[in-house]
Enquirer: 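Can you keep this structure in mind? I'll have questions shortly.
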Number of protein chains: 2
Amino acid sequence: MVLSPRKLPKQGRARATCDAILEAAAHIIARSGLAAFNTNAVAERAGVSIGSLYQYFPNKDALMVALIQRQQQGQLDTLMAAAATIDPAADLQTVVRALVRAAMQHHRTDDLLATAIDHEEARLPVDDLIGHYLDQGGMLVAALLANFQDQIGPVEPQVAARTLPALVRAVTDAWANLTPPQLDTAEDEAVKAVLGYLR
Amino acid sequence: MVLSPRKLPKQGRARATCDAILEAAAHIIARSGLAAFNTNAVAERAGVSIGSLYQYFPNKDALMVALIQRQQQGQLDTLMAAAATIDPAADLQTVVRALVRAAMQHHRTDDLLATAIDHEEARLPVDDLIGHYLDQGGMLVAALLANFQDQIGPVEPQVAARTLPALVRAVTDAWANLTPPQLDTAEDEAVKAVLGYLR
DNA sequence: AGGTGATGTGAGCAATTATTCATATACTGC
DNA sequence: GCAGTATATGAATAATTGCTCACATCACCT
């Protein structure tokens with residue numbers, strides 16, 4: 001099965017169409033889950049015809065793969081933006097808190113989408129595609145933590161890139177699902193869990 | 001939408017039919033993911049007719065709900081079995097390791113199934129159904145950790161029941177997805193993460 | 001202006017799938 | 001054996017859905 005895009009948009013409106021399709025797909029999954037994710041619904045929500053969708057994505061799985069890439073890119077962007085604001089003189093706990101806040105942001109706004117994407121990543125052959133993003137994120141985190149080698153164990157970039165986001169989400173979910181949600185506490189707990197894991 | 005079972009089996013063979021249906025559903029999701037989970041395939045794999053399936057489950061979602069209950073019960077059973085073997089004189093790390101091993105078992109054998117069920121739990125209104133299991137698991141863990149109040153912070157049973165399994169899976173996934181999988185390391189790392197979170 | 005390729009359309013086909021129902025078989029108590 | 005109930009069957013149906021294709025419209029170039 002071909003999972004790469006069918007054709008690349010060359011004009012501005014075509015790029016807008018692609019964006020609208022991906023945005024619609026993300027919205028549908030975030031609101032109604034994987035079961036509601038079908039190509040006709042995506043096209044309708046995007047305000048384009050079903051034919052336009054298949055101009056750019058050869059099949060449904062290819063659309064899902066593009067969505068996974070988009071999500072990974074978004075997480076990496078958020079992480080890099082957070083890293084850029086970190087004071088070079090900050091202590092370990094402050095750095096970790098900034099990273100946790102960045103990781104929490106995506107899962108708090110689109111939890112169903114994040115869970116669905118995890119599931120689809122396991123089903124589709126996208127290891128090569130997401131490896132790029134994981135590597136970049138891992139190196140960034142490792143670099144940020146390199147100053148604290150006396151306080152924490154060695155940080156494997158490849159492992160940190162996978163473990164830390166998952167760890168944050170685990171703790172976040174636990175507190176966000178309570179009634180009422182206690183999101184401030186979630187951040188504190190996630191910081192504690194990450195620090196506990198690193199040491 | 002009605003999600004409770006349509007009728008309860010009264011004869012032995014009917015109970016066997018129900019079990020076969022649930023077993024088939026779990027097998028299909030574990031092997032091929034949510035996309036391959038449809039009622040016709042479940043009935044065929046279970047070796048019963050599609051009509052029999054609808055004798056006991058009014059619709060597909062009801063079958064999913066029953067599967068969720070089955071999974072929760074299985075996890076609780078595993079946890080209780082592990083708790084029963086814990087030496088009352090064991091130290092904190094030993095207790096945590098036993099709990100981690102119990103939590104890892106299910107996700108290692110049926111990772112795709114566990115992920116899919118997480119996703120469906122978020123979509124279906126099953127809070128009341130799974131709350132029972134979470135409460136029991138949380139109380140059990142809280143009781144096991146009550147002896148160590150001097151070493152760890154206060155343990156809220158409701159939170160522990162949600163956080164700890166998720167935490168374990170987060171770390172497990174990070175190490176199991178490597179090539180080659182390092183499952184022994186995964187257990188060590190999960191123990192470290194849990195201890196770090198508790199303290 | 002007009003030609004050419006890029007982009008957009010949506011009815012509709014083929015395949016899949018959730019669900020029903022009329023019928024058949026198995027069990028249980030008498 | 002018989003009546004009554006529980007259980008099992010699977011072809012058929014209605015709805016959904018992935019995807020195609022013949023055609024229309026748009027944007028850019030000379």
Enquirer: Need to verify one output field. Residue with the more 5' nearest nucleotide on DNA chain D, Thr17(B) or Ile50(B)?
Expert: Thr17(B)

Enquirer: Quick one: the side chain of Asn38(A) and the base of dC19(D), do they pair up donor-acceptor inside 3.5 Å?
Expert: no

Enquirer: Figure out the NZ/C1' separation between Lys10(B) and dA26(C), and round it to whole Å.
Expert: 16 Å

Enquirer: Could you check how far CG of Leu34(B) sits from C1' of dT16(C), rounded to whole Å?
Expert: 17 Å

Enquirer: Nearest-Å distance, CG (Leu53(A)) to P (dA11(C))?
Expert: 17 Å

Enquirer: Output the rounded distance in Å from NZ (Lys60(B)) to P (dT20(C)).
Expert: 15 Å

Enquirer: Whole Å only: how far is the OH atom of Tyr54(B) from the P atom of dT23(C)?
Expert: 22 Å

Enquirer: We want to know whether Gln136(A) and His132(A) form a side-chain donor-acceptor pair, criterion being a heavy-atom distance below 3.5 angstrom.
Expert: yes

Enquirer: Looking just at side-chain N and O atoms, do Asp91(B) and Thr94(B) make a donor-acceptor pair shorter than 3.5 Å?
Expert: yes

Enquirer: Taking the nucleotide of DNA chain C with the nearest heavy atom to each, does Gly51(B) or Ala41(B) sit closer to the 5' end?
Expert: Ala41(B)

Enquirer: Just the rounded figure in Å: distance from P of dT17(D) to CG of Asn59(A).
Expert: 17 Å

Enquirer: Please determine, for the side chain of Ser52(A), which listed nucleotide (dA6(C), dT9(C), dG18(D)) has the closest atom?
Expert: dT9(C)

Enquirer: OP1 or OP2 of dT9(D) sitting under 4.0 Å from any side-chain N/O of Ser49(B)?
Expert: yes

Enquirer: With the side chain of Asn40(B) defined as its heavy atoms from C-beta on, choose the nearest nucleotide among dA18(C), dC19(D), dT7(C).
Expert: dA18(C)

Enquirer: Does Gln55(A) reach a base, just sugar-phosphate, or nothing at all? Heavy atoms under 4.0 Å.
Expert: base

Enquirer: Within this structure, what is the CD-to-P distance between Glu44(A) and dA11(C), rounded to whole angstrom?
Expert: 12 Å

Enquirer: Ion pair present between Arg70(B) and Glu23(B), side-chain N to carboxylate O less than 4.0 angstrom?
Expert: yes

Enquirer: Side chains of Gln73(B) and Asp77(B): any donor to acceptor distance under 3.5 Å?
Expert: yes

Enquirer: Which of these nucleotides, dT7(D), dT7(C), dA18(C), is closest to any side-chain atom of Tyr56(B)?
Expert: dT7(D)

Enquirer: Given dA6(C), dG8(C), dA8(D), identify the nucleotide with an atom nearest to the side chain of Arg13(B).
Expert: dA8(D)

Enquirer: Quick one: is Thr39(A) getting a side-chain N or O under 4.0 Å of the dG18(D) phosphate, OP1 or OP2?
Expert: yes

Enquirer: For the pair made of CD1 in Ile21(A) and C1' in dT7(C), what is the distance, rounded to whole Å?
Expert: 11 Å

Enquirer: With a 4.0 Å cut-off on N to O distance, would you call Arg169(A) and Asp111(A) a salt bridge?
Expert: no

